[in-house]
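As structure tokens, the structure follows; a few thoughts come after it.
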Amino acid sequence: MLMLNVEDVHFSYASGVEALKGVTLTVKNGEFVAIMGQNGAGKTTLVKHFNGLLKPTKGRILVDGVETTKTSVASLARNVGFVFQNPDHQLFSETVEEEIAFALKNFGYKPTVIEQRITWAVNLLGLTQYRKTSPFMLSGGERKRVALASVLAWDPQVLVLDEPTIGQDHQQKENLRQFILQLQTQNKTVVIVTHDVEFVAECNPRVVLMREGKIVADGEGKDILTDTKVIEQSSIVLPQVAQVFMRLNVKEVPKNVIDLYEAKQLLLKMLEKKP
Amino acid sequence: MSKRLGGSVFDGLKFRKVSSPIHSLDPRMKFIYVIAVFVAAIVFSQIIPLLVLFALQTPFVLLARVQKQWLRSLRGAAFLALFIFIINVAGNFFTQGYNLTAANWENAASMTLRFVVLVESFSVFFLTTSPDHLGLALEQSRVPYEFSFAFTTAVRFVPVLAEEAQTIMDAQKARGLELEKGNFMKRIRNYVPVLIPLIVSAIRRSLELAEAMESRAWGATKKRTNLFALKLHGGDYALLSLIVGLLAVALYTFFFVQIPTIRGLLGFP
């Protein structure tokens with residue numbers, strides 16, 4: 001079942017800058033995709049098409065079979081939750097729970113349902129103690145979680161996260177990873193835009209690499225993040241595990257390894273063989 | 001037309017560094033020129049002198065090679081211009097017992113044209129004057145540095161704020177906010193989720209800016225010197241003579257010339 005269907009999409013901003021130059025991409029329901037690439041590659045521009053914030057100047061985009069130009073952002077947003085990079089661009093309420101309720105009210109949920117959803121969302125992201133706190137009093141990482149909670153609350157089928165790991169410590173990143181895995185088990189589609197190679201290596205999703213408004217590589221994380229040529233052109237560094245394996249330069253081990261556990265098993269096996 | 005802020009009136013006021021004879025003119029002289037055009041546009045309410053004033057700007061635009069941005073600013077002003085036209089026509093229509101004469105139409109057209117002349121002259125000024133030059137001009141006109149700095153900073157941050165407002169609108173729309181929904185009061189309330197993050201981040205940014213400036217010893221010396229000083233050159237004197245000429249012609253025309261009307265030329269009553 002196709003969730004997102006991007007067909008030869010071009011997009012130019014009013015200033016004349018052509019940010020997307022013919023992007024074709026399909027994302028199946030339940031897939032986990034990381035969109036990577038250097039600054040200005042068109043990553044954010046592309047994902048802003050998924051909930052109709054931007055409409056293609058050429059080509060078309062189908063979200064769950066509906067063409068984005070034929071419907072409103074508000075109705076697409078029920079299906080596609082979008083968490084922006086900077087939480088300060090959306091927080092405005094007096095308390096965390098009101099912040100979470102905002103979208104739910106916009107979508108016309110009943111007060112009893114809203115209450116349930118708030119409880120569920122704050123619980124999920126460890127914000128229960130801050131329910132009545134002003135979001136402006138929270139730390140950067142906490143604000144980011146409030147923003148995430150405010151989108152998750154309406155349980156969208158597709159979740160788009162723009163730079164979710166920026167400003168998060170290791171523990172929070174791990175929580176985020178667990179959380180995405182949990183969404184995976186519920187068959188949700190997750191799209192992240194990120195520069196964080198290590199985070200992607202740990203999650204091992206499908207990786208879509210963009211450069212200058214085009215997709216230059218698309219495939220399994222372990223194949224793309226270990227392809228030195230493609231990686232270099234996109235100003236990305238190899239994941240640390242891959243760097244170690246490249247430098248080891250031993251024939252017995254494959255080069256396309258990014259997972260720490262897999263790497264450990266391979267190395268142990270290799271060492272056992274040696275006398 | 002795109003509804004996104006980034007592509008509207010703001011673009012018509014955003015300075016881009018280009019070298020042209022107009023860009024290198026002294027900002028003070030350009031400002032006096034804008035004021036002169038302003039005065040002339042206010043003094044005359046007939047359509048023909050306003051058309052002349054309108055045409056007078058075009059060589060500047062072409063010399064500065066900012067046609068594209070300039071047209072964009074005019075397009076941005078088109079809605080307000082239309083509004084002014086309709087208000088004028090409607091005002092006459094209702095006060096004159098539901099009757100319109102050719103004079104009314106012409107009058108409404110010249111009011112609209114006056115607005116367009118004001119917008120276009122300001123647009124040319126901002127399109128061809130860098131904020132730095134503007135600050136320098138203020139400083140050399142004995143405006144205290146604190147004020148000129150505040151002014152140039154404010155000008156510089158307009159496009160930044162416009163971009164930020166767009167991002168915030170996107171973020172709230174992604175959470176189901178529909179700005180164009182509801183009656184008039186509801187629509188105004190719809191902007192609260194956009195305005196609060198915008199104001200909060202503007203305040204936060206200004207505090208950060210203040211800290212960054214203080215850590216770089218802002219205001220450590222009372223008497224500042226500048227690497228560049230504004231000096232009047234040949235082109236500036238040419239512009240000055242144009243200003244004097246413009247004002248002289250305008251005064252002469254205003255007092256001694258019977259300005260023909262379009263309706264008179266076309267033979268309407």
task: Indicate whether the side chain of A:Ser150 and that of B:Arg175 have a donor and an acceptor atom separated by less than 3.5 Å.
output: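 Yes, a side-chain donor-acceptor pair sits under 3.5 Å.
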Do A:Tyr130 and A:Glu142 pair up side chain to side chain, a donor and an acceptor below 3.5 Å, judged on atom types alone?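 Per modelled atom types, A:Tyr130 and A:Glu142 side chains form a pair under 3.5 Å.
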- prompt: So which part of A:Asp88 gets closer than 4.5 Å to some heavy atom of chain B, the side chain, the backbone, both or neither?
  reply: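 Both parts, backbone and side chain.
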Between A:Phe107 and chain B, which part of the residue has a heavy atom less than 4.5 Å away: side chain, backbone, both or neither?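 The side chain, not the backbone.
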Part of B:Ser201 lying under 4.5 Å from any heavy atom of chain A: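 Contact with chain A is absent: no heavy atom of B:Ser201 under 4.5 Å.
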Who wins among A:Leu91, A:Val83, A:Asn51 for the most heavy-atom pairs under 4.5 Å with chain B?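 Heavy-atom pairs under 4.5 Å are most numerous for A:Leu91.
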Between A:Glu97 and A:Lys132, does a salt bridge (Lys or Arg N to Asp or Glu O under 4.0 Å) hold up when you go through it step by step?
-> CA-CA 7 Å; A:Glu97 57 180 15; A:Lys132 306 276 181 199; 2.7 Å; yes
**Message:** As a quick check of understanding, evaluate side chain to side chain contact (heavy atoms under 4.5 Å, CB included) for A:Val193 and A:Leu161, giving each step before the final call.
**Reply:** CA-CA 6 Å; A:Val193 171; A:Leu161 307 171; over 6 Å; no
